[in-house]
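I have placed the structure first, in the form of structure tokens, so that the comments after it can refer back to it.
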4 protein chains.
Amino acid sequence: MERVTKIMTAAAPQTKDQRNRLLTAAARCFVKSGFRGARMAQIAAEAQMSTGHIYHYFDSKEQIIAEMVRGHIEEKESIFGRLERAGDQVVDLMVDNLEESVDSSANPFWSALTLEMTAEAMRNPKIADILRTADAEMKARLFTCLGEGSDQEELATRLEIFIALIQGIGIRNIINPKLDLPAVVSIVKEVVENLFRRSKP
Amino acid sequence: MERVTKIMTAAAPQTKDQRNRLLTAAARCFVKSGFRGARMAQIAAEAQMSTGHIYHYFDSKEQIIAEMVRGHIEEKESIFGRLERAGDQVVDLMVDNLEESVDSSANPFWSALTLEMTAEAMRNPKIADILRTADAEMKARLFTCLGEGSDQEELATRLEIFIALIQGIGIRNIINPKLDLPAVVSIVKEVVENLFRRSKP
Amino acid sequence: MERVTKIMTAAAPQTKDQRNRLLTAAARCFVKSGFRGARMAQIAAEAQMSTGHIYHYFDSKEQIIAEMVRGHIEEKESIFGRLERAGDQVVDLMVDNLEESVDSSANPFWSALTLEMTAEAMRNPKIADILRTADAEMKARLFTCLGEGSDQEELATRLEIFIALIQGIGIRNIINPKLDLPAVVSIVKEVVENLFRRSKP
Amino acid sequence: MERVTKIMTAAAPQTKDQRNRLLTAAARCFVKSGFRGARMAQIAAEAQMSTGHIYHYFDSKEQIIAEMVRGHIEEKESIFGRLERAGDQVVDLMVDNLEESVDSSANPFWSALTLEMTAEAMRNPKIADILRTADAEMKARLFTCLGEGSDQEELATRLEIFIALIQGIGIRNIINPKLDLPAVVSIVKEVVENLFRRSKP
DNA sequence: CATGAATGAGCGTTCATTCAT
DNA sequence: AATGAATGAACGCTCATTCAT
């Protein structure tokens with residue numbers, strides 16, 4: 001009985017597990033060596049798997065890149081997902097969550113991946129598409145929350161600036177790893193309040 | 001006499017010209033294809049030179065990357081150089097120059113190079129060093145201008161946030177090329193004023 | 001009793017069935033993709049069997065090729081077996097059977113296999129040996145029938161020419177699939193009659 | 001002066017020489033190991049060249065195969081080219097040249113290549129096209145010579161049978177290398193005369 | 001100084017074969 | 001007996017670098 005159960009439930013999840021193992025191993029390699037620099041053999045070793053076996057789960061290196069990109073921006077989106085449920089108190093929540101947002105963006109793993117993904121998007125239309133689609137969706141959501149009664153166009157721009165700032169801090173942190181993040185957060189809070197609450201008293 | 005001198009020393013300037021031609025050709029290729037993706041043959045063609053001849057001017061592709069990076073951040077620095085001479089009116093000048101700064105940062109050529117350089121810096125210590133050294137110097141200069149009578153630490157952080165914002169906008173423009181730059185500039189002006197003039201009445 | 005015997009010996013016949021299933025599946029794949037081009041996974045799928053299980057019946061791909069070649073030339077030989085029983089009326093039978101011989105040789109499946117086998121024989125001594133042994137035996141048999149009272153050497157040569165012609169037609173049919181086979185048969189009949197009956201009034 | 005002449009005239013022919021060297025080296029490898037079996041490294045070694053350098057002259061292994069096939073059938077065609085100029089004495093010339101035709105077809109190098117090319121044509125449409133185009137042209141030429149005043153359809157068929165016979169002998173010679181070629185030639189002469197001169201007294 | 005032919009190490013990928021179950 | 005996941009050597013091809021001229 002146990003055996004049967006094992007067999008019946010193991011196959012599909014195991015495949016998914018292996019794919020995920022490969023995807024996270026690939027992400028580590030991509031951070032370490034870049035998309036082009038990372039070797040299939042390196043990814044295989046990182047996932048404790050033979051080189052050839054990778055091709056049971058993915059068709060090509062490019063597919064691994066695409067799926068890893070998709071996975072990571074979905075994860076990123078989920079952070080913004082929380083804001084969505086905050087209704088008209090989004091700005092408060094944004095401000096409250098700023099520390100987490102900045103820390104996450106400044107995480108070298110994340111910022112390296114973001115950098116790599118964005119650079120890749122400049123030459124690889126598939127990656128560009130994934131990034132742009134996810135980006136549009138994310139902004140649409142936030143937009144809905146923030147949007148009531150305001151000048152929509154301007155709000156969109158303020159949102160862009162907010163995202164630029166958060167991502168920009170991640171990149172700054174690469175070039176200047178001594179960046180004092182808590183200090184950054186407290187000043188960014190001011191900026192965000194000014195960005196979105198200016199009209200309010 | 002002059003003529004003779006010219007002839008005798010002609011080699012050096014010509015060499016410099018060739019090197020520069022190569023460097024700008026390389027930059028174009030790097031923007032188009034990335035550091036790894038750009039081939040020596042492509043760079044040679046772009047510089048209208050034979051592949052092999054590149055090695056009369058540079059030891060390796062890596063050296064080209066390093067020198068190109070150095071050259072381009074020096075160029076970037078020169079923009080900040082102007083601020084230096086503005087004395088205590090730096091913020092005014094910064095605000096006045098914002099349009100130029102944002103446009104320059106949002107220029108696909110520049111943002112692509114910045115992206116590529118920063119990504120490379122994560123893996124290549126030499127590039128990281130070039131970037132960090134230049135960055136430190138640049139900040140030190142601005143710091144001098146802005147710094148008198150203020151809380152130095154906080155000012156440094158505000159400066160970081162300013163740079164992060166400008167660079168972040170460049171990257172946003174890659175993922176969302178429909179970004180309304182003039183609108184962005186006008187809002188960023190507010191942000192910058194708030195960042196640096198808040199204390200002043 | 002019978003039942004028990006059956007059960008006890010069932011393994012062998014079943015094994016033989018599986019082997020044959022595999023062999024015919026392999027032949028189809030070899031025709032489609034060539035010996036080198038056919039993949040073990042393709043053969044397994046064609047035989048509705050898992051890839052790994054093939055190795056319960058055969059040691060290697062090469063062994064499959066060898067056994068398939070042996071099997072197919074034995075089948076071919078059986079066609080000539082009929083002639084053997086015709087005694088001194090072999091030529092009549094040959095002429096009568098020409099249509100079948102030509103059609104069989106021109107069958108894309110057969111001609112493809114023959115091509116593949118012969119090509120393989122040029123590099124693989126084992127295959128060459130199988131082909132040559134079978135060929136020698138086949139000729140020896142026909143030789144016996146045709147041979148009485150004639151110049152043995154010349155007869156052997158005429159036989160070679162006959163076989164060359166039949167096989168050659170098969171190959172022609174690959175390059176020129178519009179070949180009018182009935183017309184070919186009627187002319188080949190003339191040729192065969194001239195080949196073997198010239199001396200007879 | 002010599003230098004200049006050398007430079008001006010050397011480039012193009014040298015490239016052609018290298019290509020031809022590569023092509024004949026490839027042909028030898030293909031005969032030895034088959035199209036799929038021959039390795040680029042093997043071809044490179046046979047041509048006394050580095051593996052990578054092959055790709056200065058050819059885009060891919062497939063292109064080498066295609067060009068080699070084209071070259072070899074053109075060479076084959078040139079044999080038939082002579083017949084063309086014989087006017088209404090083609091059959092005499094064909095009979096006279098039979099020895100050469102048979103010897104050439106029975107040359108292991110040639111028959112191996114023919115085998116390989118035909119087998120490849122079954123799966124590779126490009127090769128099939130090259131073979132069929134050349135074949136059609138060759139037949140058209142012979143057809144013109146032989147065709148006057150005869151039943152065209154039947155003549156075409158007789159031609160096919162002739163070619164099948166010659167090619168078939170080549171293949172026979174692989175399986176039975178003891179084939180007595182002079183004896184074969186003398187009997188084939190009869191066959192050819194019967195094929196094409198039957199109507200004539 | 002200048003060319004581009006030449007090299008060869010190393011890449012992504014394939015597939016016959018083996019292994020754990 | 002049967003599966004298909006797993007292995008890894010070997011392939012075709014690329015490209016930074018070197019060399020002969």
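Computed from heavy atoms alone, side chains included, the values below leave out hydrogens, waters and symmetry copies. From a predicted model like this one, the values you see are computed outputs, not experimental measurements. So that the names make sense, note that chain A is the first sequence line, chain B the second, and so on, each numbered from 1.
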Gap between atom [atom2] of [Y] and atom [atom1] of [X] - 0.5 Å precision:
X      : Y      : atom1 : atom2 : result
B/Q18  : B/L23  : CD    : CG    : 12.0 Å
C/E46  : C/K32  : CD    : NZ    : 4.0 Å
C/L131 : C/T114 : CG    : OG1   : 8.5 Å

| task | Using whole Å, report how far CD1 of B/I54 lies from C1' of E/dG4. | result |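 Result: 12 Å.
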| task | Whole angstrom is fine here: how far is it from CD in D/Q18 over to P in F/dA20? | result |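 Rounded to the whole Å, the gap is 15 Å.
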| said: So, applying side-chain contact (heavy atoms from CB on, under 4.5 Å) with B/H72, which one of B/M68, B/R70, B/E74 is it? | reply: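 Only match with B/H72 under side-chain contact (heavy atoms from CB on, under 4.5 Å): B/M68.
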| request: Measure across D/A47 and D/L22 and return the closest heavy-atom pair with its distance rounded to 0.1 Å. | output: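 In terms of heavy atoms, the two residues are closest at CB-CD1, 3.5 Å.
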| For the student: nearest non-hydrogen atoms of D/S33 and C/R36, plus distance | O-NH2, 4.1 Å
| message | Holding to side-chain contact (heavy atoms from CB on, under 4.5 Å), I want the full list of residues that pass it with A/A26, two or more places apart in sequence or in another chain. | response |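 Here the qualifying residues are A/F30, A/I43, A/I64.
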| Set of residues satisfying side-chain contact (heavy atoms from CB on, under 4.5 Å) with respect to D/S60, sequence neighbours excluded | D/E62, D/Q63
| request: Would you please enumerate the stems DNA chain E participates in, each stem being three or more consecutive Watson-Crick or G-U wobble pairs with both distances under 3.5 Å? | output: E:2-21 with F:2-21
| said: Could you work out, with side-chain hydrogen bond (donor to acceptor under 3.5 Å, both in side chains) as the rule, every residue matching C/H53, not counting sequence neighbours? | reply: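 C/H53: side-chain hydrogen bond (donor to acceptor under 3.5 Å, both in side chains) contacts with C/Y57.
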| said: My understanding is that only one of D/R19, D/K126, D/K61, D/K16 makes a salt bridge (Lys or Arg N to Asp or Glu O under 4.0 Å) with D/E67; could you say which? | reply: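 By the salt bridge (Lys or Arg N to Asp or Glu O under 4.0 Å) criterion, D/E67 pairs with just one of D/R19, D/K126, D/K61, D/K16: D/R19.
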| task | By nearest nucleotide on DNA chain E, pick out whichever of D/H56 and A/Y55 is the more 5' one. | result |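 Its nearest nucleotide lies further toward 5', so the answer is D/H56.
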| field | Residues from residues 57-71 of chain D lying under 4.0 Å of DNA chain F - heavy atoms | value |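 D/S60, D/K61, in order of number.
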| message | If you take any heavy atom closer than 4.0 Å to DNA chain E, which residues from residues 35-52 of chain A end up in contact? | response |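 Within residues 35-52 of chain A, the residues near DNA chain E are A/A38, A/R39, A/M40, A/T51, A/G52.
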